Number of protein chains: 2
Amino acid sequence: MTEDEICRGASLSLPPDVEEALCQCGGIAGLVERLPEEGILERESALHRALADPFRLKILAMLAVQPFCVCVIKAVLGIADSKLSYHLSVLKTAGLIVGEAQGNWIIYRLTGEGSVWAQQIAGSGRS
Amino acid sequence: MTEDEICRGASLSLPPDVEEALCQCGGIAGLVERLPEEGILERESALHRALADPFRLKILAMLAVQPFCVCVIKAVLGIADSKLSYHLSVLKTAGLIVGEAQGNWIIYRLTGEGSVWAQQIAGSGRS
DNA sequence: ACACTGTTTCAAATAATGTTGAAACAATGG
DNA sequence: CCATTGTTTCAACATTATTTGAAACAGTGT
């Protein structure tokens, strides 16, 4: 096996410049090694999945103003109770919001990570 | 209708502190107004949907090192051609990567937005 | 023209997510 | 204890995303 074949990690034919760059990265094996760990990728993709819905982004945007109870969020979004509850649970599971009982109501607010993302949403329409 | 009722936008009963805060936000109507536009929310959630998969995060991570052709990406990820092609198309549609033909191969690289997100992934395991 | 390689497309099967309405729960006030 | 209000849970269903394998396409070299 030639040195080039070792670099490539298999017998791939490639454009010359890609092949050279690949060698400098330690070949296929080198690239595989430097990928983020599976656990990190899982967590990261789960986070983005939670952010991948307009209702949920709206919820984060309004909680960035102020913590609110479910009934206010419901009035702003104009959706059914159970639907809202589902989306709240997705955000809660992702660690973006937390709910705390206060008398008759449950007040939801952003977590630290939730407010980072809420800011990002607020800023996404900037010029 | 009392001023409070105007603030609430409807006859909701609320914890006193939430009610006051709601009034200062312009009530339900005020909150609805300050939500990001529908178009922005759609775009933002579509972006996160594209980032919501470990294979796609891996692709972004490796393209952050260097542009590569499909066959190298395939070797690193160890998945079938058509599956990879699907994930590449999701990333392409989201504007995170672009592919350019070069001889026999198609070389994919990050767009500006793609590299912003790729950095975010790379940094997510930091101490 | 032919065979080959790298890549994409397609349709069918499967899996994951989101929606709905009804029912359940928990706390409050009568 | 009962009725009410705010919220969650559940199961059925609808929708959307992902995976698969086969077939198609485009470009190269023969």
Side-chain angles (χ1 to χ4, degrees), chain A residues 8 10-16 18-19 22 28 41-42 45-59 67-94 97-109, chain B residues 8 10-16 18-19 22 28 41-42 45-59 67-94 97-109:
Chain A
R8 292 190 305 247
S11 39
L12 293 174
S13 73
L14 301 175
V18 171
E19 175 151 9
L22 180 55
I28 300 297
L41 293 171
E42 282 303 336
S45 60
L47 210 226
H48 288 295
R49 209 166 11 257
L51 293 167
D53 180 286
F55 286 126
R56 297 198 288 265
L57 296 181
K58 283 186 194 177
I59 294 170
F68 285 111
C69 59
V70 178
C71 55
V72 172
I73 304 175
K74 179 190 166 182
V76 172
L77 266 57
I79 61 179
D81 287 335
S82 62
K83 186 168 172 175
L84 175 54
S85 203
Y86 167 73
H87 288 294
L88 288 172
S89 79
V90 172
L91 290 169
K92 200 166 30 171
T93 301
I97 63 174
V98 290
E100 191 179 4
Q102 183 175 322
N104 232 326
W105 300 274
I106 297 180
I107 309 291
Y108 279 96
R109 61 182 174 74
Chain B
R8 291 190 306 249
S11 39
L12 294 173
S13 74
L14 302 174
V18 170
E19 175 153 9
L22 180 54
I28 301 298
L41 293 171
E42 281 304 336
S45 60
L47 209 227
H48 288 294
R49 207 163 16 253
L51 293 166
D53 180 286
F55 287 125
R56 296 198 288 263
L57 297 182
K58 283 187 193 176
I59 294 170
F68 285 112
C69 59
V70 178
C71 54
V72 172
I73 303 175
K74 178 189 168 182
V76 172
L77 265 57
I79 60 179
D81 287 334
S82 62
K83 186 168 172 173
L84 175 54
S85 204
Y86 168 73
H87 287 294
L88 288 172
S89 80
V90 172
L91 290 169
K92 200 166 31 170
T93 301
I97 63 175
V98 289
E100 192 179 4
Q102 182 175 323
N104 233 325
W105 300 273
I106 296 181
I107 308 292
Y108 278 95
R109 60 182 176 75

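Computed from a predicted structure; not experimentally measured. Throughout, protein chains are lettered first and strands after them, A, B, ... in sequence-line order, and every chain is numbered starting at 1.
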Exercise. Stepwise, does the side-chain contact (heavy atoms from CB on, under 4.5 Å) test hold for A:L88 with A:I73?
Worked result: CA-CA 10 Å; A:L88 288 172; A:I73 304 175; 4.3 Å; yes
Problem set entry | Where protein sits on nucleotides 13-26 of chain C, one letter per nucleotide: B base, S sugar-phosphate only, - none, heavy atoms under 4.0 Å | ----SBBBBB----
Exercise. Would a distance-only check, ignoring hydrogens and angles, find a side-chain to backbone donor-acceptor pair under 3.5 Å from B:R56 to B:A50?
Worked result: yes
Problem set entry | Whole angstrom value for the distance that separates P of C:dT8 from CD1 of B:I79 | 12 Å
Problem set entry | Protein-nucleotide distance (B:L91, atom CG; D:dT18, atom C1'), rounded to Å | 14 Å
For this session: Return the value, rounded to whole Å, for the distance between atom CG of B:D81 and atom P of C:dC4.
Result: 17 Å
Exercise. Within the pair B:Y108 and C:dG6, is there a side-chain N or O less than 4.0 Å away from OP1 or OP2?
Worked result: no
In residues 75-83 of chain B, what donor-acceptor pairs under 3.5 Å come from side-chain atoms, sequence neighbours left out?
from  : atom 1 : to    : atom 2 : distance (Å)
B:D81 : OD1    : B:K74 : NZ     : 3.1

Exercise. Using the ring of each side chain (for Trp, its six-membered ring), is B:F55 parallel, tilted or perpendicular to B:H87, with breaks at 30° and 60°?
Worked result: tilted
Seminar exercise, completed: From CG of A:L14 across to P of D:dT28 the rounded distance in Å is 16 Å
For this session: Using atom CG of A:L88 as one end and atom C1' of D:dG6 as the other, report the distance to the nearest whole Å.
Result: 13 Å
For this session: Round to the nearest Å and state the distance from A:I107 atom CD1 to D:dT5 atom C1'.
Result: 14 Å
Exercise. Roughly, in whole Å, what's the span from CD1 in B:I59 to P in D:dT18?
Worked result: 12 Å
Problem set entry | With sequence neighbours excluded, residues passing side-chain hydrogen bond (donor to acceptor under 3.5 Å, both in side chains) with A:Q102 | B:D17
For this session: Kindly check if the number of other-residue, nucleotide or ligand heavy atoms within 6.0 Å of CZ (B:R109) is above 12?
Result: no
Seminar exercise, completed: note: B:K74, atom NZ; C:dG6, atom P; distance rounded to Å ~ 9 Å
